[in-house]
There are 2 protein chains.
Amino acid sequence: MRPREFNHDDVLRIAFDQFWRKGVRGTQLSDIARDAGVQRGSLYNAFGSKEALFLCAYERYAGEYVSSLQKALGAGTLRERLTAFFDLTIKNFRSGSPPRGCPTTRGLMELTSVEGEGLDENGRKTFADLVARITDLVQEALSEGVERGEFNGDPETAALHIVTVTRGLAVLERAFGDEAQLRTIAAHTVDLVLGKKG
Amino acid sequence: MRPREFNHDDVLRIAFDQFWRKGVRGTQLSDIARDAGVQRGSLYNAFGSKEALFLCAYERYAGEYVSSLQKALGAGTLRERLTAFFDLTIKNFRSGSPPRGCPTTRGLMELTSVEGEGLDENGRKTFADLVARITDLVQEALSEGVERGEFNGDPETAALHIVTVTRGLAVLERAFGDEAQLRTIAAHTVDLVLGKKG
DNA sequence: CGCGTTCTTGACGCCATGTCAAATACTATT
DNA sequence: AATAGTATTTGACATGGCGTCAAGAACGCG
């Protein structure tokens, strides 16, 4: 069989970069094909559709993202962990030039626009998985905090609340683009969850 | 001059309904035209473009939405007000069949996908305005709460936090579609802001 | 009663997605 | 080493939606 003439991973990286910068709708497969030095048809052959390519590229990113969050949530006091978690989240929203926003939230909203259909449901599941994985990481940190007496409350509910705030931050970033505002909200959230002095 | 053969407001209602159900991308102007009994060309003549029509339809909705939130935030104890605010927010996400999600968040994410361009910036501003208006309403309720001794804290920061949670709820609704989960987070947020017993 | 302005109508161009068949390049088999 | 088989590449094609435009239609006004 004839071998691929392009590197699967390179294409995913290039595609993700474009999707992140221009959105799914704003990115044309011909752009990705040009940047990757590949014919459009080859992308269809390899991935099936634009949305499938996006999901592949997205999942590749999601793995890296989750492990960086895991690292942030893994060391120090609970307050330090949560602070590092929010810092990384906000930094992620505001990296690139211009700030790129949150790929997760954007992708979810873009792909689940159409009601009740195949690929959209696929996309929804993919994004829901990521949110669930992040929630689990936060919950784990909170549970360890309970054991160490740094937190008393329900880790499950608190984790949901924290993750909800991060998704909300993604929307506010998109609406206002004000990093200081995001940091204020994040710090306030940590204070609310742990108590002012923590 | 020749008079319009269609009712401006009717078209906006029909358009908004479609955009809400199927998203901006998933809605075709021909659908709206058919449902409204209007030619596609007339829509272009009246509104200019698909995205402009969406923004018109959206602004029409935003006014109604904000005033319903205002009503929810205007009576009872602070706890009752915030609870009513979250109830209405969640009910709004979950109304229709299937649940339609949050038009604000969805629209924002869909329209601001492409970086740095005219209409997208327009859309961003429109949505940012709505979020700001809602934040103001919440902040006002909190300030009144401070006067009445029902809340002590910074109304501005707390309002930002609460609105951030509502935007996050919109994302979680999209991801999981679990109304009970949304209600848990909302109740938890009210407890955090006002104190458990409030 | 016509004049001008605005709205309507339907055909058109454009562009992006997605499809397909033929050509191609490699592997495995004999 | 030649050949059969398989997967990939390639470029042309079909489809369909957005947006444009010129010609016609309907009304207010002089």
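Quick note on labels: first sequence line is chain A, next is B, and so on, each numbered from 1.
- Here C/dT6 presents its C1' atom at 17 Å from CD of B/Q39, a figure rounded to the nearest Å.
- Between the side chain of B/R2 and the base of D/dC27 there is no donor-acceptor pair of N/O atoms closer than 3.5 Å.
- Across all non-hydrogen atoms, the minimal contact from A/A186 to A/I90 is CB-CD1, 3.9 Å.
- Nucleotide D/dA7 holds its P atom 15 Å from the CZ atom of A/F6, rounded to whole Å.
- Looking at which nucleotide of DNA chain D each of A/R40 and A/L43 is closest to, the 5′-most match is held by A/L43.
- By the 4.5 Å heavy-atom criterion applied to side chains, A/L182 and A/F176 are not counted as neighbours.
- Contact annotation for A/F47: no contact, since no heavy-atom pair falls under 4.0 Å across all strands.
- For A/E5, the side-chain atoms get nearest to D/dT10 when compared with the rest of D/dT10, C/dT8, D/dC27.
- Ring centroids of B/F54 and B/F16 are separated by 6.0 Å or more, keeping the two rings apart.
- Listed nucleotides D/dT8, C/dT17, C/dT9 differ in distance to A/R4; the shortest reach to its side chain belongs to D/dT8.
- Put simply, A/S42 has no side-chain N or O that comes within less than 4.0 Å of OP1 or OP2 on D/dT8.
- Using a 4.0 Å cut-off between charged side-chain N and carboxylate O, B/K22 and B/D17 make no salt bridge.
- An OP1 or OP2 oxygen of C/dA16 is reached within less than 4.0 angstrom by no side-chain nitrogen or oxygen of A/S30.
- In this structure, CG in A/D35 is found 10.5 Å from OG1 in A/T27, a value given to the nearest 0.5 Å.
- Atom pair A/I32:CD1 and C/dA16:C1' shows a separation of 13 Å (rounding to whole Å applied).
- Here the P atom of nucleotide C/dT19 and the CG atom of A/L29 are 12 Å apart, to the nearest Å.
- Look at A/Q28 and you won't find any side-chain N or O under 4.0 angstrom from OP1 or OP2 of C/dC15.
- Residue B/N45 places its side chain closer to C/dT8 than to any other of C/dT8, C/dG10, D/dA26.
- Counting only heavy atoms from C-beta on, B/M1 has its side chain closest to C/dT5 among C/dT8, C/dT5, D/dT10.
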